[in-house]
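Atoms within a ligand are numbered from 1 in the order they appear, just like the ligands themselves.
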Amino acid sequence: MTSTRTSIHGQWSSRWVFILAATGSAVGLGNIWRFPYLTGENGGGAFVLVYLFCVVMMGIPIMMAEILLGRRGRKNPINTMHTLAIEEGLSPNWRLLGWLGVIAGFIILSYYSVIAGWTIAFIFKTGMGDFVGSNADQTTAIFSELISNPKILLFWHTFFMFLTIYIVSRGVKSGLEQAVKFLMPALFILLLVMVGYAMSTERFLDGLKYLFVPDFGVLANKNLFSDVFLPALGQAFFSLSIGMGAIMIYGSYLSKDSSITFNSFVIALADTGVAILAGIAIFPIVFTYGLEPSGGPGLIFVSLPIAFGQMPLGTFFGCLFFILLMFAAWTSSISLLEPAVTWMVENRKMTRYRAAYIAGFIAWLLGLLTVLSFNHWAFKFSFAGKTYENGLFDIFDVLTANIMLPLGGVLIAIFTSWLMSRSSTIDELGLSDSIAYKIWRFIIRYVAPLGVVVIFFNAIGLFS
Ligand code: TRP
């Protein structure tokens, strides 16, 4: 049965705007900050390989499912799940899946904004030439000084959250198109410049090898599931913005004649491409200048500035790089706030303006815990066999990326492939009952849910 619903929040002005907006959501700190540091912490090439596997076998199919649900429901994730569940004769409690996403969105946004704040601080540091001629010790000292100062972190966190609220309060569609059309290609080109610099460093090939050749020696004293598979799975979900309703809400603004399959592949390709480029730019610098690949969340902030301090026009490129990274983070953060805001508008009859400020304020408040995680409240803890250094920040990060997003993803997969009628999904994907549809259905029914479950339970040691 074809659905003819429309969203009260409007529609994208063309199919390209959806691709731009969803790519804007996907490409962000996840690709340039999170991907390299997780790769460095979790064993390099093997991590990258598993990550790519997760993107193809779970990420893309679940992204398709999530867009499909959004476009069919045409509401915020909570109401979409509620409406579709009733339509398919299922329990209205499926709306809890929407809630899981809204809550995950708040938690991710709360720390995302703090890290985005680091990039803003770095716009000024690079722009003022702080890194000219500096070595690894000096960049490390500059970074440590920044994160040990909660007042400065708070300032930029507040600033960035305000930027996010501002766009969401005006409706994510205005402005986003221009921002993504010019800034994304610019970021891409600048990453290529950085790759160019990386090629000129002594240990370029070591960097490449580290990224693309799994080193089984490194894996010997690691637990494959908890150290490699689970973080890689979490990173695939995080980077593609799936599992929490962000892509679902963007899908709810998508016109009926746009191909979900094509769109999902384009978005995933762009997203993965940026992450890999970031890796190629960073690891040769890490090795050439004697940094530790496992340096943690500060990795790009201590490695890239060395390059900016050495290369010609480095001050200019460095400043521009962090500006573009801030914009990439901005087009991502708005998609984290949007599901909660649309819910408040639809169900609490608030104006978009008011809803954006209230929801943004809650996320800002929660972000204070992350601000303190790197200084006054820093502590270590272990989960699923791994030790984490940065207290609450790591707890939020692991809880969302490694638990809530995969859980959301599995439930989305189960809902679309086991519970929704076949005809509804065929209709929505527009693939008719073709080979492509059958492949998707097989993956989303069996491979994706089983993959997530097996990885998750092995990682927390349930099967060992
Ligand atoms: N994907 C974004 C990044 O890589 C972050 C992000 C935006 C996100 N929206 C999301 C992550 C929804 C998970 C779910 O930076």
Side-chain angles (χ1 to χ4, degrees), residues 20-39 51 54-55 58-60 62-63 66-67 70 76-77 97-98 100-119 160-161 164 167-168 172 176 180 183-184 187 191 231-251 264 267-268 270-279 297 300 324-342 359 363 396-409 411-412:
L20 287 173
T23 308
S25 165
V27 175
L29 296 172
N31 310 60
I32 292 170
W33 157 73
R34 200 173 187 275
F35 173 75
Y37 99 74
L38 286 187
T39 303
Y51 166 73
C54 290
V55 167
M58 295 166 231
I60 296 176
I62 290 178
M63 179 184 279
E66 196 172 329
I67 299 173
N76 70 73
L97 172 55
L100 177 76
V102 167
I103 294 167
F106 271 114
I107 303 175
I108 298 175
L109 178 59
S110 78
Y111 70 80
Y112 202 85
S113 167
V114 177
I115 313 293
W118 298 359
T119 67
F160 184 82
M161 193 62 85
T164 305
I167 295 289
V168 176
V172 291
L176 189 75
V180 184
L183 298 170
M184 285 293 148
L187 179 66
L191 272 174
L233 175 75
Q235 174 60 16
F237 277 76
F238 188 97
S239 194
L240 295 171
S241 300
I242 55 173
M244 60 75 60
I247 291 294
M248 198 186 286
I249 196 85
Y250 279 16
S264 301
I267 298 160
D271 185 64
T272 310
V274 171
I276 297 289
L277 276 185
I300 69 154
L324 293 173
L325 185 54
M326 179 197 82
F327 275 102
W330 195 6
T331 57
S332 299
S333 63
I334 57 179
S335 75
L336 288 162
L337 195 56
E338 181 73 1
V341 168
T342 44
F396 290 153
D397 186 61
V398 168
L399 176 71
T400 49
N402 294 5
I403 302 176
M404 293 173 89
L405 299 181
L407 178 65
L411 292 173
I412 287 169

| request: Could you tell me which residues satisfy salt bridge (charged side-chain N to carboxylate O under 4.0 Å, His left out) with Asp271, sequence neighbours excluded, listed by chain and number? | output: none

| note | Restricting to heavy atoms, the pick from Ile32, Ile249, Leu405 nearest atom 13 (C) of ligand 1 would be Leu405

| query | Taking Thr342 as the fixed residue, which of Ile249, Leu337, Val102 is the one that meets the side chain to side chain contact (heavy atoms under 4.5 Å, CB included) rule? | reply | Ile249

| query | Taking it one step at a time, do Leu240 and Ile62 satisfy side chain to side chain contact (heavy atoms under 4.5 Å, CB included)? | reply | CA-CA 10 Å; Leu240 295 171; Ile62 290 178; over 6 Å; no

| request: Would you mind checking which non-hydrogen protein atom is closest to atom 15 (O) of ligand 1, with the distance to 0.1 Å? | output: Tyr112 OH, 2.5 Å

| query | Hey, does Ile32 have a side-chain heavy atom less than 4.5 Å from the side chain of Thr119? | reply | no

| said: Suppose I only count heavy atoms of Leu29 and a 4.0 Å limit; which atoms of ligand 1 are within that range? | reply: 15 (O)

| note | Within the 4.0 Å heavy-atom cut-off, what Ser241 brings close to ligand 1 is both

| Just distances here: any N/O of Val27 and N/O of ligand 1 closer than 3.5 Å? | no

| task | Would you mind running through ligand 1 and noting each atom that sits below 4.0 Å from a heavy atom of Ile108? | result | 13 (C)

| said: How far is atom 9 (N) of ligand 1 from the closest protein heavy atom, and which atom is that? | reply: Ser335 OG, 3.0 Å

| note | The closest protein heavy-atom partner of atom 11 (C) of ligand 1 is Phe238 O, 3.1 Å

| message | So if I count the atoms of ligand 1 from 1 in the order they appear, which ones are less than 4.0 Å from some heavy atom of Gly28? | response | 3 (C), 4 (O), 15 (O)

| From the candidates Gly24, Ser333, Ser25, the one that places a heavy atom nearest atom 2 (C) of ligand 1 | Ser25

| query | Of all the non-hydrogen atoms in the protein, which one sits nearest to atom 12 (C) of ligand 1, and at what distance? | reply | Met244 SD, 3.3 Å

| query | How about Tyr51 and Ser239: do any of their side-chain heavy atoms sit closer than 4.5 Å? | reply | yes

| field | Parallel, tilted or perpendicular: ring planes of Trp33 versus Trp118, cut at 30 and 60 degrees | value | perpendicular

| request: Just jot down the ligand 1 atoms closer than 4.0 angstrom to any heavy atom of Gly30, in number order. | output: 3 (C), 4 (O), 15 (O)

| query | What distance do Ile108 atom CD1 and Leu399 atom CG have between them, rounded to the nearest 0.5 Å? | reply | 9.5 Å

| For Ala26 and ligand 1, does the shortest N/O to N/O distance drop below 3.5 Å? | yes

| query | Side chain, backbone, both or neither: which part of Thr400 comes within less than 4.0 Å of ligand 1 when only heavy atoms are counted? | reply | neither

| Where Ile247 and Ser25 come nearest, the two heavy atoms and their spacing | CD1-OG, 4.5 Å

| Sub-4.5 Å side-chain heavy-atom contact between Val274 and Met184 | no

| Arg34 and Gln235, any side-chain heavy atoms less than 4.5 Å apart | yes

| request: Show which atoms of ligand 1 fall inside a sub-4.0 Å distance from at least one heavy-atom site of Ser239. | output: 1 (N), 4 (O)

